[in-house]
Amino acid sequence: MIDLAQLRREPELVTAALARRGVSSETVASLIQSDKRHRELMQEAETLRARVKDLSRQVGEARKNKETERGDALAEESKQLGVQEREASARAEELGAEVRELHLQIPNIPADQAPDGLSEEENVELRQWWPGMDDGQPFPTYADHQRVAHWDIGTELGILDLESGARLAGSMFPLYRADGSRLLRALTQFALDAHADAYEEIRPPSVALTETMMSTGHLPKSQDDMYAVERDGLWLIPTAEVPLTSMNRGEILTEEQLPLRLTAATQCFRREAGAAGRDTRGLLRVHEFEKVELFAYCTPDQAEAAQMDILTRAETLLRRLGLPYRVLDLCTGDLGSASARTFDLEVYTPGVDRWLEVSSVSWFRDYQARRANVRYRTESGTALVHTVNGSGLAWARIWAALVETYRQADGTVVLPEALAPYMAGGATLRRR
RNA sequence: GGAGGGAUGGCAGAGCGGACGAAUGCACCGGUCUUGAAAACCGACGUGGGGCAACUCACCGUGGGUUCAAAUCCCACUCCCUCCGCCA
């Protein structure tokens, strides 16, 4: 949620900033309007409430002094006022709900540095990297044996079984087997080890309460993209960002605890409603995937460095895996609604000849913290923390990139050095 | 799933219809004393909302209810503890 106090203080500035990401001034104006009216009604109700409390006190006093008649009269007066107070409170509450609803719908204010734009076409590519680039070599050229889609390689080597996955859970639920399954496990291990120096490893539940989903902004907005376990009021997490952001919900941290950095490997579940059909073959887009997430609560001053650290770590993993990638600075129109600034990492996959998003590194300012009510103690009181997060990395697409990039002429896949320690059965994937 | 007990400020813990936003102890912070520290003493000491301010409202697990008045009474739920059952 954006800061209502700021909206009241500098409405033009906020309106202009939100316009950069396509929020109409009418939307903002209606929130300002409702908020104002809400405060008026609230004051009205509170004044009445104060009078009821005062009269009640007097009733007690009168009765204590055995002034029965005066007590009864005061009680009666208070009772009348109570009726008015309840009405006023109900009106205020009604408008409060309206304000909240409008408030929840307003996306975050984009960072000044975020490039302007309306859609993903206007994202800015900051840089590319590929093996050998630092030695002045050109972007790799790929042989024919590398121009094979991962779903074909997977079937050929018996390491990816999409048919079985579909039989068990429906389409877009991949089933990995043999070396393919082990590769997935190796990747998680590889990444968690790489982040262990600065990030506490967390193994959170894979489901979350509605309340928890609310605090990250996934609900109610993205309800249709989430799997629900309705009977128990639970949702399958779409990313570890959900549990990590809410871990300290409602708490006040000390400044020494910050930046509080966490990492977690979890399954991620996404319904991808409406996405079926296009761009969904193989592992391009799946309902369940494994991901290592990096996350930090920090002070506003630490936020930029914290975001850069996550971006650097994600990039480092890609470099160690020897996979070409590019970094995009998302334009205002393509930012996730809670984000102030986001960098996407896209890996190049030669078999399907595409750039696939494998990480999205975002700075949320205090937008999520306000909803989750996570604060830290400052000299003069408390302040909301900033949150940043990003994947490091999402494995389904990395899996695809690896098998396509490292496919040999003989059809086997020879994995990069970095993974060797984690592939007990050998770094060469072959049919067994 | 069954029976019982519990949930109050950073922690411990009292309060069980009327000035309770809440005793007390500990912790933390400021001060006195001291060469310095400890001890002792004095003081401050929850969070959030509204208001220029005086001030005011909300919050004692959560949500409802009773009452002139609820931390306190009633109902439902959640979580924790003990015991029983089931179980990876």
Side-chain angles (χ1 to χ4, degrees), chain A residues 1-11 31-104 203-215 229-235 243 246-258 260 366-385:
Chain A
M1 293 190 280
I2 61 164
D3 183 6
L4 274 186
Q6 187 195 6
L7 179 61
R8 287 174 205 142
R9 212 169 42 237
E10 30 196 33
L31 174 58
I32 294 175
Q33 197 54 40
S34 299
D35 171 56
K36 184 161 176 244
R37 182 98 185 91
H38 174 232
R39 279 181 297 157
E40 285 164 7
L41 288 175
M42 224 167 62
Q43 272 194 59
E44 191 184 320
E46 282 185 3
T47 307
L48 284 167
R49 182 97 193 112
R51 287 225 53 204
V52 168
K53 285 179 75 166
D54 185 48
L55 283 172
S56 292
R57 247 173 246 138
Q58 292 183 42
V59 171
E61 232 166 80
R63 297 237 162 115
K64 204 160 70 188
N65 299 334
K66 300 276 193 297
E67 300 174 54
T68 318
E69 255 176 56
R70 194 166 79 92
D72 289 352
L74 286 165
E76 184 54 34
E77 189 184 349
S78 177
K79 190 174 185 174
Q80 302 300 329
L81 270 176
V83 174
Q84 291 181 41
E85 186 266 332
R86 264 187 290 280
E87 279 168 14
S89 290
R91 277 198 303 273
E93 205 169 301
E94 206 175 297
L95 209 62
E98 186 185 312
V99 168
R100 187 173 162 74
E101 197 161 308
L102 289 170
H103 194 182
L104 286 174
R203 179 62 257 210
S206 302
V207 294
L209 298 166
T210 299
E211 205 183 334
T212 308
M213 300 295 278
M214 285 279 188
S215 62
V229 186
E230 280 182 54
R231 183 179 166 186
D232 297 294
L234 294 169
W235 304 79
S246 289
M247 257 181 75
N248 294 72
R249 184 166 69 213
E251 289 190 18
I252 299 173
L253 307 167
T254 62
E255 199 165 345
E256 298 79 68
Q257 285 176 273
L258 305 175
L260 182 58
D366 57 11
Y367 189 89
Q368 290 181 325
R370 179 166 293 107
R371 221 188 271 210
N373 193 24
V374 184
R375 313 177 152 265
Y376 69 100
R377 223 164 264 295
T378 62
E379 279 174 23
S380 54
T382 66
L384 292 163
V385 300

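Protein chains get the first letters and strands the later ones, always in sequence-line order, with residue 1 at the start of each.
Going from the P atom of B:G36 to that of B:U24 covers 32 Å, rounded to whole Å. On the P atoms, B:A27 is 8 Å away from B:A39, given to the nearest whole Å. Across the C1' atoms, B:C73 and B:G18 are found 14 Å apart, a figure rounded to whole Å. Rounded to whole Å, the separation between the C1' atoms of B:A69 and B:G13 comes to 27 Å. For the C1' atom pair drawn from B:G65 and B:C79, the interatomic distance equals 23 Å after rounding to whole Å. Distance check on atom C1': B:C28 versus B:G1 gives 46 Å, rounded to whole Å. The separation of B:A14 from B:A23, taken at their P atoms, amounts to 15 Å, rounded to a whole angstrom. B:G61 sits 42 Å from B:A37 when the P atoms are compared, rounded to a whole Å.
Base pairing analysis places B:A44 opposite nothing; no Watson-Crick or G-U wobble pair with both distances below 3.5 Å involves it. Base pairing analysis places B:A39 opposite nothing; no Watson-Crick or G-U wobble pair with both distances below 3.5 Å involves it. In this structure, B:A71 forms no base pair with any nucleotide, since neither Watson-Crick nor G-U wobble geometry is met with both distances under 3.5 Å. Using Watson-Crick or G-U wobble geometry with both donor-acceptor distances under 3.5 Å, B:C33 finds no partner in any strand shown. Pairing partner, B:G17: none, since no Watson-Crick or wobble contact has both distances short of 3.5 Å. The partner of B:U24 is B:A12, judged by Watson-Crick or G-U wobble contacts that both fall below 3.5 Å. Summarising the base pairing, B:U82 is matched to B:A3 through a Watson-Crick or G-U wobble pair whose two defining distances lie under 3.5 Å.
When the nearest nucleotides of RNA chain B are assigned to A:Lys64 and A:Val52 by heavy-atom distance, the more 5′-ward of the two goes with A:Lys64.
Applying the salt bridge (Lys or Arg N to Asp or Glu O under 4.0 Å) test to A:Arg100 and every residue at least two apart in sequence or in another chain returns nothing. Annotation: salt bridge (Lys or Arg N to Asp or Glu O under 4.0 Å) contacts of A:Glu101 (sequence neighbours excluded): none.
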Begin with the C-alpha distance, continue with both residues' side-chain angles, and end with the deciding distance and a verdict on salt bridge (Lys or Arg N to Asp or Glu O under 4.0 Å) for A:Lys53 and A:Glu85. CA-CA 11 Å; A:Lys53 285 179 75 166; A:Glu85 186 266 332; over 6 Å; no
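In this structure a side-chain-to-backbone donor-acceptor pair under 3.5 Å is present from A:Asp3 to A:Ala5.
A donor atom on one side chain and an acceptor atom on the other are found under 3.5 Å apart for A:Gln6 and A:Glu10. Side-chain contact, A:Thr212 with A:Arg249: a donor N or O sits under 3.5 Å from an acceptor N or O.
Residues A:Asp366 and A:Val385 form no side-chain contact, since every pair of their non-hydrogen atoms from C-beta on lies 4.5 Å or further apart. Between A:Asp35 and A:His103, the closest side-chain pair of non-hydrogen atoms is not below 4.5 Å. The closest side-chain heavy-atom distance from A:Val374 to A:Leu384 is not below 4.5 Å.
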Anything under 3.5 Å between a protein N or O and an N or O of nucleotides 71-73 of chain B, put it in a table, one pair a line.
none

Readout for nucleotides 44-60 of chain B: B = base within 4.0 Å of protein heavy atom, S = sugar-phosphate only, - = neither; 5' to 3' it is ---SSBSS----SSS--
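Rounded to the nearest 0.5 Å, atoms CD (A:Gln33) and CD (A:Glu98) are 10.0 Å apart.
A salt bridge between A:Glu61 and A:Arg70 is absent, with no side-chain N of the basic residue lying under 4.0 Å from a carboxylate O of the acidic one.
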Return all side-chain donor-acceptor pairs below 3.5 angstrom for residues 38-46 of chain A, not counting sequence neighbours, or 'none' if the list is empty.
{"from": "A:Glu40", "atom 1": "OE1", "to": "A:Arg37", "atom 2": "NH1", "distance (Å)": "3.4"}
{"from": "A:Glu44", "atom 1": "OE2", "to": "A:Arg91", "atom 2": "NH2", "distance (Å)": "3.3"}

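Within residues 70-80 of chain A, the residues approached by RNA chain B to less than 4.0 Å at the level of any non-hydrogen atom are A:Ala75, A:Ser78, A:Lys79, in residue-number order.
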